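Single-structure report; data block below.
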Amino acid sequence: MIVARSMVTFGLGTFLALWVAQRVGGGPAAGAVALVVLFGAGAASTLLGGVLAGRFGRVRVLQVSYAAAVPAVAGVALVPGPAVYLMVAFAAVSLYVPFSLHVTLGQDYLPNRLGTASGVTLGLAVSIGGLGSPVVGAVASATNLQWGLLSLVVLPIVAWVAARGLRSPVRV
């Protein structure tokens with residue numbers, strides 16, 4: 001889940017500005033606005049994840065978030081005109097709500113290895129995603145940028161399937 005989430009967020013962060021500038025016109029400013037929406041909504045959604053987890057449970061929130069990320073990421077690539085900004089916000093929410101939940105779940109799954117759990121979950125979340133961006137670029141070079149972004153839709157599906165196998169950890 002962490003690897004898939006990381007790759008899709010890095011892929012969006014890498015190619016979003018170019019895509020939105022092409023999609024809506026407006027040049028670099030349109031792309032910059034899309035990045036502000038992505039990372040601004042993402043930051044707020046990290047906080048929202050804790051609130052939702054307190055109410056519905058961390059595992060359930062992960063599952064729903066990744067299920068919602070599938071149409072959200074597809075929408076970024078498919079929705080025409082300025083409505084793409086709404087899809088960017090939707091994608092940000094669905095991808096950033098689970099961010100902090102991965103860390104706390106990792107700590108609960110490995111209660112005697114809190115540092116390892118945090119390091120692995122944060123380390124993977126922050127670093128490994130960059131490995132997927134060249135693949136998106138290769139798909140975009142072979143086809144076009146829209147297909148490159150559409151290739152990212154596979155990753156939230158992988159995360160959702162992985163999340164379906166999680167069980168809430170028992171706290172001792």
Side-chain angles (χ1 to χ4, degrees), residues 1-53 61-103 120-163:
M1 282 182 309
I2 295 167
V3 170
R5 182 211 163 272
S6 180
M7 288 181 162
V8 73
T9 56
F10 267 80
L12 282 176
T14 302
F15 296 102
L16 184 65
L18 292 171
W19 173 245
V20 171
Q22 285 178 9
R23 195 76 167 164
V24 301
V33 169
L35 290 174
V36 168
V37 170
L38 178 70
F39 295 120
S45 298
T46 301
L47 300 173
L48 177 63
V51 172
L52 293 173
V61 171
L62 283 176
Q63 293 167 341
V64 170
S65 293
Y66 288 128
V70 174
V73 173
V76 170
L78 297 173
V79 169
V84 72
Y85 292 109
L86 294 173
M87 296 312 296
V88 169
F90 182 32
V93 171
S94 63
L95 292 168
Y96 281 87
V97 159
F99 182 72
S100 61
L101 304 181
H102 286 293
V103 177
V120 168
T121 54
L122 287 173
L124 285 175
V126 172
S127 62
I128 202 159
L131 296 175
S133 293
V135 174
V136 176
V139 170
S141 290
T143 57
N144 59 40
L145 189 50
Q146 185 174 36
W147 279 105
L149 289 171
L150 279 171
S151 71
L152 293 172
V153 173
V154 172
L155 297 166
I157 294 170
V158 168
W160 176 76
V161 168

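Numbers for residues simply follow the sequence, beginning at 1. From a predicted model like this one, the values you see are computed outputs, not experimental measurements. Basis for what follows: all heavy atoms, side chains included, without hydrogens, waters or symmetry-related copies.
Residues P98 and L62 come closest through the heavy atom pair CB-CD2, 3.1 Å. M1 and A162 make their closest contact through CG-CB, 3.5 Å (heavy atoms, listed as atom of the first residue, atom of the second, distance).
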Show me the side-chain donor-acceptor pairs of residues 65-91 shorter than 3.5 Å, one per line, residues at least two apart or across chains.
residue : atom : partner : partner atom : Å
S65     : OG   : V61     : O            : 2.8
Y66     : OH   : H102    : NE2          : 2.6
Y85     : OH   : A30     : O            : 3.1

Acceptor/donor pairs from residues 42-51 side chains to any protein atom, 3.5 angstrom cut, sequence neighbours excluded:
residue : atom : partner : partner atom : Å
S45     : OG   : A41     : O            : 2.6
T46     : OG1  : G42     : O            : 3.1

Under 3.5 Å, which donor-acceptor pairs do the side chains of residues 9-18 form with other protein atoms, sequence neighbours left out?
residue : atom : partner : partner atom : Å
T9      : OG1  : R5      : O            : 3.0
T9      : OG1  : S6      : O            : 3.0
T14     : OG1  : F10     : O            : 2.7
T14     : OG1  : S133    : OG           : 3.2

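Residues satisfying the side chain to side chain contact (heavy atoms under 4.5 Å, CB included) criterion with V158, sequence neighbours excluded, are A4, V154. In terms of the side chain to side chain contact (heavy atoms under 4.5 Å, CB included) criterion, residue partners of A53 (sequence neighbours excluded) are, by chain and number, R58, L101.
Contacts classified as side-chain hydrogen bond (donor to acceptor under 3.5 Å, both in side chains) and involving residues 135-156 (residues at least two apart or in different chains) are not found.
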